[in-house]
Asks: 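Could you have a look at this structure, given as C-alpha cells, before my questions?
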Amino acid sequence: MAQKPSIPKGTRDFGPAEVQKRKYILSTIETVFKKYGFMPIETPTMENLSTLEGKYGDEGDKLLFRVLNSGETWEQIRNPKSEIRTQGEFNKVITEKGLRYDLTVPFARYVVMNRNEITFPFKRYQMQPVWRADRPQRGRYREFWQCDADVVGSDSLLNELDLIQIYDEAFRKLGIGNYELRMNNRKVLAGIAEVVKSIDVINSIAVAIDKLDKIGEEGVRKELTEQGFKEEELNRLFEIITITGENEAILNQLQSKLQTSTEGLQGIAELKFILQSLQPINQSTHQPINLKLDFSLARGLSYYTGCIFEVVSTEGSLKSSIGGGGRYDNLTGIFGLTNVSGVGISFGLDRIYDVMDELKLFPQALNATSTKVLVCAFDEHTQLTGINITKQLRDAGIASELYPDLPKSNKEKEKPMLKPMNYADALNIPYTVILKSDGNYVLKNMTEKTETVLSLNDIIHHLSTKH
RNA sequence: GUGGUUUUAGCUCAGUUGGUUAGAGUGCCUGAUUGUGGUUCAGGAGGUCGCGGGUUCGAGCCCCGUAUCCCACCCCA
C-alpha cells in the first residue's frame with residue numbers, strides 16, 4: 001500500500017513560480033553585494049558541533065540540528081569495556097556534526113582556517129540555507145536562507161557605513177521602500193547597564209528592553225523587578241531608553257547621562273561617527289537613508305560587541321525582522337585568531353519573500369515561462385521539420401519548445417490543435433508556430449489571435465525584434 | 001520546551017442537537033465546435049472525512065492518543 005509522502009516539519013517545497021521569485025530576491029541582493037566589492041564563498045551544510053556549540057547561547061544550543069553519527073555507535077556504547085561515563089562522552093559517540101545555524105560562525109571558522117590565504121580586510125558574501133530546530137510559525141521556518149555580507153580584518157566604521165548603504169539599496173531595489181533600519185551599539189547598552197546598576201546586568205537589561213514595544217514599560221519593569229532590580233534603578237533605565245527626538249539630539253542627551261561610563265561614551269562616539277558620515281551621502285540623494293537610533297534594540301546573538309542593526313518592514317503584517325547584523329570584535333578569537341574585528345549584516349530571504357508576496361512587489365514577468373514560442377506539428381513529417389525549426393530558433397537566441405506529442409486517439413486526430421494550444425495557453429507562451437501540411441509556417445500571436453504566413457527567417461526576425 | 005488552534009474532492013472551503021446515499025465553488029474529463037486555445041452552455045468522473053484507538057443501535061460531528069498546519073510565549077532571519 002502506497003504511503004502518503006510528506007516532508008519534515010518546518011520545511012517546504014518550492015514550485016516553479018516560487019523558485020523564480022526567490023531567485024529574483026537572491027540575484028537582486030547579490031548584485032548589490034558585488035557592487036560593493038564583496039566576494040562569494042560557500043561553506044558545508046554540516047559543521048563540527050564543536051564549531052557551533054556555545055556560540056549562540058543556551059537557547060541556540062537547544063535549537064541546533066544534530067546529525068547522528070553513522071557507524072557502530074551502539075556497539076561502542078553497550079561494550080562492557082566502554083569508557084563512556086558522562087553525558088558529554090555519550091553525546092560525542094552518537095553525534096559530532098550539526099547543521100549550520102547561521103552563516104556568521106561558519107564564516108569565522110573559515111577565516112581562521114584560511115587566514116594565510118586571505119587578504120585583509122576580507123569582504124565576503126554568502127547565500128545559503130541554515131537550520132534551526134525551532135517550532136515553526138508565521139515567518140519562522142526550520143530551514144531558511146540567509147544572505148550575509150561581512151567584512152573582517154578592519155575595525156573602521158566605514159564598513160558599517162557600507163553595510164547600511166547595502167541594506168538601503170537592496171531593499172529599495174526589491175520595492176520594500178517602507179522599511180525601518182534600526183541601529184544601536186552594544187557598548188551603549190553596556191554603558192546603560194553600568195549607569196543603571198552594574199555592567200554585569202547588560203544581558204538581563206538587553207533581553208528585557210528588547211521587548212519594550214511588545215510588552216510595554218510595565219512589562220519590562222515587571223520582568224526586571226523579578227530579577228532583583230530596584231525601582232530607582234528602573235527609573236534611571238527608563239529615563240534613558242525613552243529619550244525621543246532627532247538622532248543627534250537624543251545622542252547628546254544620552255551622552256550627558258552616560259558620562260561615568262567610558263564604554264558607553266565610546267559607543268556613543270561610534271554612533272555619532274556613523275550618523276555624521278551618512279550626512280554627505282544623504283545630502284546627495286532624493287531618498288535619504290532613514291537610520292533610526294533605538295537604544296532598546298538588543299539582538300540576541302551573544303557575539304556582538306559594537307554596532308547592531310535590525311531591519312523591519314513597516315508595511316504588511318509581518319512584524320518580525322527581515323534583516324539583522326552587527327560588529328563582533330572577537331568571534332575568530334574562539335577559534336584561535338585574535339585581534340581580528342568583523343562586522344556583518346544578514347538578509348532573511350524567506351521573510352523578505354513573505355513581505356513581498358503580501359505586498360505584491362514581485363514583477364509580473366516572473367510568473368511566466370521563458371519560452372517565447374511553441375512549435376506545433378501534427379504528423380511525423382511536420383514534426384521532423386519542427387525539430388529543425390526549433391533548433392534554428394534556439395540558435396537565434398529565441399527560447400522555444402517543440403510540442404512533443406502527436407495526436408494519438410481518433411478524437412485527438414480530429415482536433416490536433418487542441419493539446420498544443422492548451423499547453424501554450426496554460427504556460428502563457430506568447431507565440432506559436434504552426435507547421436501546415438502544405439509546407440507553410442504560420443506564426444500565431446496568442447494574445448492578439450493574429451496569424452501570419454511567414455518564412456523561417458521572417459519569423460526569427462519578428463521574434464528577435466520584439467523585446 | 002509551554003499553551004491554544006487547524007486538518008472533509010486535485011485546490012479553496014460548507015456540513016445543523018450524533019441519524020438514510022457527505023455538499024458547493026474552482027480545476028479536470030466529455031460534448032455543443034468538420035486541422036486553432038482562453039469565454040459561454042450541457043453532461044460526467046473524483047472523498048480511506050489526517051492517522052490509530054474508544055463511547056454508541058448508529059460518529060465527519062463526542063472522548064483519548066498521535067501526526068500536521070497555523071497562532072501566542074521563549075527566542076530569532
Asks: Need one value for A/Leu349: base, sugar-phosphate or nothing, where a base atom within 4.0 Å counts as base even if backbone is also close, heavy atoms only.
Replies: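 No contact at all - A/Leu349 keeps every heavy atom at 4.0 Å or more from the nucleic acid.
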Asks: Describe the nucleic acid contact of A/Lys211 in one word from base, sugar-phosphate, nothing, applying a heavy-atom distance below 4.0 Å.
Replies: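 Result for A/Lys211 = sugar-phosphate.
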Asks: In whole Å, what is the span from the CD atom of A/Gln146 to the P atom of B/rA77?
Replies: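 Result: 6 Å.
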Asks: Need one value for A/Val207: base, sugar-phosphate or nothing, where a base atom within 4.0 Å counts as base even if backbone is also close, heavy atoms only.
Replies: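 Sugar-phosphate contact only - A/Val207 comes under 4.0 Å of backbone atoms but never of a base.
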Asks: Just checking A/Gly60: base, sugar-phosphate only, or nothing, at a heavy-atom cut-off of under 4.0 Å?
Replies: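 Contact class for A/Gly60: none.
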Asks: Nearest nucleotide by nearest heavy atom, which residue falls closer to the 5' end of RNA chain B, A/Glu310 or A/Gly10?
Replies: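 Going by which nucleotide is closer to the 5' end, it is A/Gly10.
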Asks: Pick the closest RNA chain B nucleotide for A/Ser437 and for A/Tyr141 by heavy atoms, then say which residue is nearer the 5' end.
Replies: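 The answer here is A/Ser437.
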Asks: Which part of the nucleic acid, if any, lies within contact of A/Asn422, taking any heavy atom under 4.0 Å across all strands shown: a base, the sugar-phosphate backbone alone, or nothing?
Replies: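 A/Asn422: backbone/sugar contact only, no base atoms under 4.0 Å.
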Asks: Using only heavy-atom distances, decide whether a donor-acceptor pair under 3.5 angstrom links the side-chain of A/Arg135 to the base of B/rC73.
Replies: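 Counting by modelled atom types and ignoring angles, no donor-acceptor contact under 3.5 Å is found here.
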Asks: Run the salt bridge (Lys or Arg N to Asp or Glu O under 4.0 Å) test on A/Arg132 and A/Glu59 for me, step by step, so that the C-alpha distance in whole Å, both residues' side-chain angles and the decisive distance to 0.1 Å come before the verdict.
Replies: CA-CA 11 Å; A/Arg132 294 182 190 177; A/Glu59 287 292 332; over 6 Å; no
Asks: Looking only at side chains, do A/Gln137 and A/Arg135 share a donor and an acceptor under 3.5 Å apart?
Replies: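 On atom types as modelled, these side chains do not qualify, holding no pair under 3.5 Å.
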Asks: Per the side chain to side chain contact (heavy atoms under 4.5 Å, CB included) rule, which among A/His462, A/Lys372, A/Gln392 passes with A/Ile398?
Replies: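 Running side chain to side chain contact (heavy atoms under 4.5 Å, CB included) over A/His462, A/Lys372, A/Gln392 with A/Ile398 returns exactly one hit, A/Lys372.
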Asks: Tell me: CZ of A/Phe378 to P of B/rU36, nearest whole Å?
Replies: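 In whole Å, B/rU36 P lies 8 Å from A/Phe378 CZ.
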Asks: What about A/Lys449, does its side chain sit under 3.5 Å from the base of B/rU36 through a donor-acceptor pair?
Replies: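 In this structure, the two groups form no donor-acceptor pair.
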Asks: Would you sketch RNA chain B in dot-bracket for me? Only Watson-Crick or G-U wobble pairs with both distances under 3.5 Å count, crossing pairs as [ ], other-strand pairs as |, the rest as dots.
Replies: ((((..(..((((.....[...)))).(((((.......))))).....(((((..]....))))))..))))....
Asks: Classify A/Glu59 by what it touches in the nucleic acid, base, sugar-phosphate, or nothing, heavy-atom distance under 4.0 Å.
Replies: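 The answer is sugar-phosphate, as A/Glu59 gets under 4.0 Å only of primed atoms, P, OP1 or OP2.
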Asks: When rounded to the nearest Å, what value does the distance between C1' atoms of B/rG15 and B/rG19 take?
Replies: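 The answer is 14 Å between these two C1' atoms.
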Asks: With no angle test and no hydrogens, is the base of B/rU36 tied to the side chain of A/Lys419 by a donor-acceptor pair under 3.5 Å?
Replies: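 No.
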Asks: So which nucleotide from B/rU36, B/rC76, B/rA77 ends up closest to the side chain of A/Met421?
Replies: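 Given the options B/rU36, B/rC76, B/rA77, the side chain of A/Met421 is closest to B/rU36.
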Asks: Does B/rG1 have its OP1 or OP2 closer than 4.0 Å to a side-chain nitrogen or oxygen of A/Lys62?
Replies: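 Negative; the distance criterion is not met.
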